[in-house]
Colleague: 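Shown below is the structure under consideration.
Keep in mind that this is a model prediction, so the values were computed, not measured. No hydrogens, no waters, no symmetry mates; every other heavy atom, side chains included, goes into these values.
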Amino acid sequence: MERSNHMDILPLIAVLLVGIMVGFINIISAGGSMLTLPLLIFFGLPSTVANGTNRIAIMFQNIFAMYQFHKNGHLNWKLGLALSVPTTIASIYGAQLAVDIADSTFDNLLATFMIIFAVLLIIKPQRFIKGKFNIKTSLILLFIAFIFIGIYGGALQAGVGFFIMLTLLALVPKIPMAEMHGLKVLVVTIYISISTFVFIANDLISWDFAIALSIGSATGGFLGGKYASIMPDKLLEKLLITAIIFFAVLLLVR
């Protein structure tokens, strides 16, 4: 999507700085896109363009983070690649749904899922599911869950990392936190690298914002991947919940 050469530089700087924070949050926790999507929309991008633009940054952020996870021995390639197959196929379908959706409908869906996301962060439903299924049943449920995760990730993306974490914590017994974050990064990197071409083909990328956000997110992703195994995320969760509710209300009011 073409934008004016005279566009104010301040929004780009703001997006870059927020991108650093969001890239870090996305890797050591989840839900950073719940902040960047409304931010891009508030800076004047149509919702579908904000959705496509955000994915370019996530791709770069995850590539840098994946390097750190691999370097630290926290990538389960076998499980990650297996889960990426149904997720990627489903994400292409989800991306096509997002391309065809009206901006007002997208805003309402995003606000609704932001509120659901905040509620799930608070009640932590995975603690009621964990350890309830045998290995075979868990694997079947895991692959089914990642089909729906792919559809959601292809369509909205925001908060998909949390749904991946919730699923892994519930269905993969005793998974180390660093390995869980590594799986999340690997799966998202693979499916978003493919499904983003749907947005590129439909000219739904603002490349100036995408570059600024990518620089910030890649920096944050690199740092997040480096410190994911040692950083506590309780404070980040509280700040994230507050910001999500704030932006969700603004979206619904708008």
Colleague: Sequence neighbours excluded, which residues qualify as ring-ring contact (aromatic ring centres under 6.0 Å, His included) partners of F64?
Modeller: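 Counting only residues at least two positions away or on another chain, F64 forms no ring-ring contact (aromatic ring centres under 6.0 Å, His included).
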Colleague: Could you list the residues that satisfy side-chain hydrogen bond (donor to acceptor under 3.5 Å, both in side chains) with T36, not counting sequence neighbours?
Modeller: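 Testing T36 for side-chain hydrogen bond (donor to acceptor under 3.5 Å, both in side chains), a comparison that skips the adjacent residues, returns N54.
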Colleague: How long is the gap from CD1 on I147 to OG on S91, to the nearest 0.5 Å?
Modeller: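 Here the interatomic distance stands at 12.0 Å.
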Colleague: Can you tell me how far apart CG (L40) and OG (S206) are? Round to the nearest 0.5 Å.
Modeller: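 Answer rounded to 0.5 Å: 8.0 Å.
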Colleague: As a quick check of understanding, evaluate side chain to side chain contact (heavy atoms under 4.5 Å, CB included) for V188 and I58, giving each step before the final call.
Modeller: CA-CA 9 Å; V188 172; I58 291 171; 4.0 Å; yes
Colleague: Would you compute the distance between atom OG of S138 and atom CG of L171 and round it to the nearest 0.5 angstrom?
Modeller: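 Here the rounded value is 5.5 Å.
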Colleague: To check you understand the geometry: which heavy-atom pair defines the closest contact between T48 and A98, and what is its length?
Modeller: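 Heavy-atom minimum between the residues: CG2-O, 3.5 Å.
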Colleague: Around atom CZ of F199, are there more than 12 heavy atoms of other residues, nucleotides or ligands at under 6.0 Å?
Modeller: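 Atom CZ in F199 is crowded, with more than 12 foreign heavy atoms closer than 6.0 Å.
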Colleague: Do you reckon V85 sits in the same ILVMFWY cluster as Y93, going by side-chain contacts under 4.5 Å, direct or chained?
Modeller: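 No.
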Colleague: Nearest 0.5 Å please: distance from the OG atom of S195 over to the CD1 atom of I92.
Modeller: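 It is 7.0 Å, given to the nearest 0.5 Å.
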Colleague: Please name all residues satisfying side-chain hydrogen bond (donor to acceptor under 3.5 Å, both in side chains) with N202, sequence neighbours left out, ordered by chain then number.
Modeller: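 Result, side-chain hydrogen bond (donor to acceptor under 3.5 Å, both in side chains) vs N202: none returned.
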Colleague: Once you round to the nearest 0.5 Å, how far does CD of Q61 lie from OG1 of T189?
Modeller: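 One gets 8.0 Å once the value is rounded to the nearest 0.5 Å.
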Colleague: Hydrophobic cluster mates of I63, side-chain heavy atoms under 4.5 angstrom, ILVMFWY only, any path?
Modeller: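 Joined to I63, directly or through intermediates: none.
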Colleague: Testing T196, V49, N51, V198 for side chain to side chain contact (heavy atoms under 4.5 Å, CB included) with L204, which one passes?
Modeller: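 Only one option passes, and that is V49.
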Colleague: CG/L17 to CG/L213 distance, rounded to the nearest 0.5 angstrom?
Modeller: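 Result: 11.0 Å between the selected atoms.
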Colleague: Per the side chain to side chain donor-acceptor pair (under 3.5 Å) rule, what does the pair list look like for residues 139-160, sequence neighbours excluded?
Modeller: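 Pairs touching residues 139-160 that pass the test: Q157-Y191.
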Colleague: How would you list, by chain and number, every residue that makes a side-chain hydrogen bond (donor to acceptor under 3.5 Å, both in side chains) with E179, sequence neighbours excluded?
Modeller: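 Residues passing side-chain hydrogen bond (donor to acceptor under 3.5 Å, both in side chains) with E179: N76.
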Colleague: Hydrophobic cluster membership, with links at side-chain heavy-atom distances under 4.5 Å among I/L/V/M/F/W/Y: are I151 and F143 in one?
Modeller: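 No.
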Colleague: Test of understanding: with side-chain contact (heavy atoms from CB on, under 4.5 Å), list the residues that count as partners of F146, not counting sequence neighbours.
Modeller: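 With neighbours one apart ignored, the set is L83, T87, L142, I149, I164, T167, L168, V187.
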Colleague: Taking only residues two or more places apart in sequence, or in another chain, which ones meet F148 in a side-chain contact (heavy atoms from CB on, under 4.5 Å)?
Modeller: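 With sequence neighbours excluded, F148 shows a side-chain contact (heavy atoms from CB on, under 4.5 Å) to I144, given in chain and number order.
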Colleague: So, S217 side chain and S214 main chain: donor-acceptor pair closer than 3.5 Å or not?
Modeller: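 Looks like no, no N/O pair under 3.5 Å.
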Colleague: Please report the C-alpha distance between I190 and L81 in whole Å, then the side-chain angles of each, then the deciding distance to 0.1 Å, and finally whether the side chain to side chain contact (heavy atoms under 4.5 Å, CB included) criterion is met.
Modeller: CA-CA 8 Å; I190 292 173; L81 292 174; 3.6 Å; yes
Colleague: Applying side chain to side chain contact (heavy atoms under 4.5 Å, CB included), run through H74 and M180 and close with a yes or a no.
Modeller: CA-CA 8 Å; H74 294 144; M180 178 194 67; over 6 Å; no
Colleague: For L75, which residues count as a side-chain contact (heavy atoms from CB on, under 4.5 Å) partner, sequence neighbours excluded?
Modeller: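 With neighbours one apart ignored, the set is M66, F69, H70, W77, L186.
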Colleague: Can you list the residues that meet the side-chain contact (heavy atoms from CB on, under 4.5 Å) rule with A210, with sequence neighbours excluded?
Modeller: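 Per chain and number, A210 pairs via side-chain contact (heavy atoms from CB on, under 4.5 Å) with T53, I56, I205, W207.
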Colleague: Check the hydrophobic clustering (I, L, V, M, F, W, Y; side-chain heavy atoms under 4.5 Å; chains of links allowed) and say if V160 and I89 are grouped together.
Modeller: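 V160 and I89: separate clusters.
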Colleague: Is the backbone of A50 close enough, under 3.5 Å, to the side chain of R55 for a donor and an acceptor to pair up by distance?
Modeller: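 Absent.
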Colleague: Out of curiosity, does I200 fall in the hydrophobic cluster containing L156 (side-chain heavy atoms, cut-off under 4.5 Å, transitive links)?
Modeller: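 In one cluster with L156: I200, yes.
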